[in-house]
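Here's the structure we're looking at; comments come further down.
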Number of protein chains: 2
Amino acid sequence: MADNPSASHTPTGRGFEPVRSVRLYERIVEQVEEAIARGELRPGQRLPSERELVVQFGTSRATVREALRVLESNGVVRSRPGDPNGPEILPFTTGGLTKQMRRLARADGLSLSQLLVSRMMLDSTANRLAAVLRTEAQLAEMDAAIEQMRTAVDGGYGSFSEADFAFHEAIARASGNTLIQVCNGVVRDTVLSLISDKIAHARNAQALMKRSLGHHEQVLAAIRAGDGPEAGRASLHSLYDYYASYVPKAERAALEALLDE
Amino acid sequence: MADNPSASHTPTGRGFEPVRSVRLYERIVEQVEEAIARGELRPGQRLPSERELVVQFGTSRATVREALRVLESNGVVRSRPGDPNGPEILPFTTGGLTKQMRRLARADGLSLSQLLVSRMMLDSTANRLAAVLRTEAQLAEMDAAIEQMRTAVDGGYGSFSEADFAFHEAIARASGNTLIQVCNGVVRDTVLSLISDKIAHARNAQALMKRSLGHHEQVLAAIRAGDGPEAGRASLHSLYDYYASYVPKAERAALEALLDE
DNA sequence: GATCTGCACTGGTCTGACCAGTAGACTTTT
DNA sequence: AAAAGTCTACTGGTCAGACCAGTGCAGATC
């Protein structure tokens with residue numbers, strides 16, 4: 001794996017393409033996905049019933065169903081038994097992304113240090129953007145989240161983590177960049193699923209929370225001042241400070257490469 | 001969408017969980033995935049044949065097949081007709097992640113400016129990392145790609161774009177970060193699919209290519225020197241210079257926010 | 001107009017069948 | 001004995017047809 005994560009590139013000319021028998025259900029999946037990509041099928045709209053699809057595609061129901069199961073597992077449609085309107089086209093969700101990232105993380109395809117580097121990248125960029133683009137309302141949200149964190153320091157790791165979540169989410173929203181927002185959310189989730197219990201059971205948990213709170217306040221101050229570069233720097237150091245100790249020393253070079261000026 | 005991109009958050013206590021009828025094929029998928037997660041099934045090993053699975057799971061073949069189709073579409077297994085050894089457990093791949101990322105990148109509401117901001121973020125980070133972590137062999141790859149770009153300047157946009165692709169891919173690999181590599185590949189692809197023809201038909205195409213080549217050489221020099229921050233800066237300016245004119249002026253603020261020091 | 005009831009239809013599952021293709025055992029040829 | 005070809009049991013891909021429990025809605029009832 002990982003030899004060539006980005007596949008779809010123009011063939012370089014000579015040589016043959018590997019062939020693979022394309023199964024019927026795959027063509028159905030393709031057709032539906034393309035129709036969605038072209039905007040002919042929009043979220044909320046319905047697909048014809050399975051039996052109707054059988055007629056339209058000219059296959060058996062088993063084949064249509066295999067296609068629907070694939071689409072369903074990819075979060076593209078949802079079938080409900082008895083619904084006379086047929087399978088529903090779903091709006092995009094991050095469920096599939098999260099699932100795949102978890103899978104990779106569990107399979108050692110994605111180390112903690114890689115995830116943290118990504119998180120630092122995403123978060124610091126979000127902060128840079130938020131510092132410039134945030135509205136007053138969004139600033140108020142961040143204030144509220146920080147306040148929540150303050151009270152949560154004494155309330156244990158669970159509530160602190162929740163408040164922390166709200167803060168980062170508010171910033172991601174303020175960045176105005178859906179891609180960054182989504183990726184940041186997914187990566188954050190994955191990181192937490194890997195080490196949240198280690199953090200929760202740290203002996204000096206409260207001290208860590210206080211320190212993290214301080215960092216967050218610093219970040220927020222920079223955002224309020226509209227100082228993007230400073231907000232980015234502060235968030236980088238905040239994450240490094242909070243998580244670096246969980247990364248094997250040999251792999252910390254990558255994290256530190258992001259801190260250099 | 002985007003209301004709550006990061007779904008799976010800790011439930012806040014009170015309240016009921018939404019219920020959903022679990023279909024038989026989903027249980028089969030679960031069981032197989034868990035067996036793999038527990039390490040009982042390792043890549044390269046084989047699943048029993050469909051008819052054997054029918055016996056073990058006590059369902060019909062149609063149900064077993066739906067499960068296999070889902071597993072297959074997630075890149076977990078692969079079935080080949082006629083293979084007496086049964087479906088193969090596959091090693092982990094980034095294919096699933098790529099697929100989901102692509103879906104995200106295509107989701108409507110994602111403007112070119114958002115994609116470019118993401119690209120700048122990803123590429124500059126990859127460059128910072130590559131400057132520190134690259135091996136000599138990887139450096140040689142980049143040299144080769146640059147050389148290819150040089151000769152391609154006179155060969156039209158198509159070959160230039162290909163060489164450019166190879167260069168960025170080499171850097172992404174050298175960053176040592178699978179996530180960044182995957183995301184960068186997808187975003188790059190998506191950006192190109194949006195505006196490659198505009199670029200190809202630009203009147204001053206060759207001048208643009210020459211200029212871009214110069215930027216790339218600058219980046220590579222920084223990487224060779226091991227100067228991460230400079231490599232990051234250079235790539236940011238390179239991308240901005242190359243693409244910013246395609247972004248409506250009102251949306252350029254985000255791009256420029258990444259350039260500030 | 002609100003409520004109830006029945007029905008047509010949906011998706012989930014099963015059974016059983018046929019086909020083309022494959023791997024490995026077996027036979028033949030050298 | 002080694003190489004070549006043949007055979008066969010079994011595989012996955014696909015189909016047809018069936019049954020069931022559930023759903024939404026039209027029409028009947030109040």
Side-chain angles (χ1 to χ4, degrees), chain A residues 16-33 35-36 41 43-90 95, chain B residues 16-33 35-36 41 43-90 95:
Chain A
F16 297 105
E17 301 254 327
V19 292
R20 221 198 37 187
S21 71
V22 177
R23 278 150 287 185
L24 290 185
Y25 86 88
E26 287 183 305
R27 302 226 180 147
I28 298 182
V29 170
E30 261 175 46
Q31 284 199 42
V32 173
E33 279 184 337
I36 294 177
L41 251 32
Q45 283 186 16
R46 302 309 187 95
L47 245 37
S49 74
E50 294 183 358
R51 286 165 178 88
E52 172 60 27
L53 289 172
V54 164
V55 176
Q56 290 193 25
F57 286 114
T59 68
S60 73
R61 189 143 90 96
T63 303
V64 167
R65 280 180 61 78
E66 291 186 13
L68 286 176
R69 290 298 78 76
V70 169
L71 289 170
E72 190 157 357
S73 111
N74 285 5
V76 180
V77 305
R78 178 184 48 188
S79 298
R80 274 181 331 162
D83 187 340
N85 297 317
E88 182 182 359
I89 310 278
L90 295 178
Chain B
F16 297 105
E17 300 256 328
V19 292
R20 222 197 38 187
S21 71
V22 177
R23 278 150 287 184
L24 289 186
Y25 86 87
E26 287 184 305
R27 303 226 180 149
I28 298 182
V29 170
E30 260 175 47
Q31 284 200 42
V32 173
E33 278 185 336
I36 294 178
L41 251 34
Q45 285 186 14
R46 301 309 187 95
L47 246 37
S49 74
E50 293 183 0
R51 287 165 176 88
E52 173 60 26
L53 289 172
V54 164
V55 176
Q56 290 192 26
F57 286 114
T59 67
S60 73
R61 189 142 91 99
T63 302
V64 166
R65 280 180 62 77
E66 290 185 13
L68 285 176
R69 291 297 79 74
V70 169
L71 289 169
E72 190 157 357
S73 113
N74 285 4
V76 181
V77 306
R78 178 184 50 187
S79 297
R80 272 183 332 160
D83 186 340
N85 297 318
E88 182 182 358
I89 310 276
L90 295 178

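Sequence lines set the chain letters: A, B, ... in the order given, protein chains first and strands last, and positions in each chain run from 1.
- A salt bridge is absent between Glu66(A) and Arg69(A): the closest approach of a Lys/Arg side-chain nitrogen to an acidic carboxylate oxygen does not fall below 4.0 angstrom.
- For the OP1/OP2 pair of dG12(C) and a distance below 4.0 Å, the side-chain nitrogens and oxygens of Arg80(A) include no atom meeting the criterion.
- Computed from coordinates, the Asn85(B) CG to dC10(D) P distance equals 14 Å when rounded to whole Å.
- With respect to the salt-bridge test (charged N to carboxylate O, under 4.0 angstrom), the residues Arg27(B) and Glu30(B) do not qualify.
- Following rounding to the nearest Å, Asp83(A) (CG) and dG12(C) (C1') show an atom-to-atom distance of 14 Å.
- When every heavy atom of Ser60(B) is checked against every heavy atom of Val54(B), the shortest pair comes out as C-CG2, 3.9 Å.
- OP1 or OP2 of dC15(D) has at least one side-chain nitrogen or oxygen of Thr63(A) nearer than 4.0 Å.
- Side-chain N/O atoms of Arg61(A) include none lying less than 4.0 angstrom from OP1 or OP2 on dA18(D).
- Nucleic acid contact for Arg51(A): base, since at least one base atom lies under 4.0 Å from a heavy atom of the residue.
- Rounded to a whole Å, the CG atom of Leu68(B) is 8 Å from the P atom of dG12(D).
- For Asp83(A) (side chain) and Asn85(A) (main-chain N/O), a donor-acceptor pair under 3.5 Å exists by modelled atom type.
- Rounded to an integer number of Å, the gap from CD of Glu72(B) to P of dT11(D) is 17 Å.
- Atom CD of Glu50(A) and atom P of dA16(D) are 15 Å apart (whole Å).
- Put simply, CZ on Phe57(A) is 12 Å from P on dC15(D), counting in whole angstrom units.
- Here the P atom of nucleotide dG24(D) and the CD atom of Glu88(A) are 12 Å apart, to the nearest Å.
- To the nearest angstrom, P of dC10(D) lies 18 Å from CZ of Arg46(B).
- Glu26(B) places a side-chain N or O within donor-acceptor distance of the main-chain N or O of Arg23(B), the cut-off being under 3.5 Å.
- Nucleic acid contact class of Arg69(B) (heavy atoms, under 4.0 Å, all strands): sugar-phosphate only.
- In this structure, Arg65(B) reaches the bases: a heavy-atom distance under 4.0 Å links it to at least one base atom across the strands shown.
- Using a 4.0 Å cut-off on heavy atoms, the residues of residues 23-32 of chain B that approach DNA chain C are Arg23(B), Leu24(B), listed by number.
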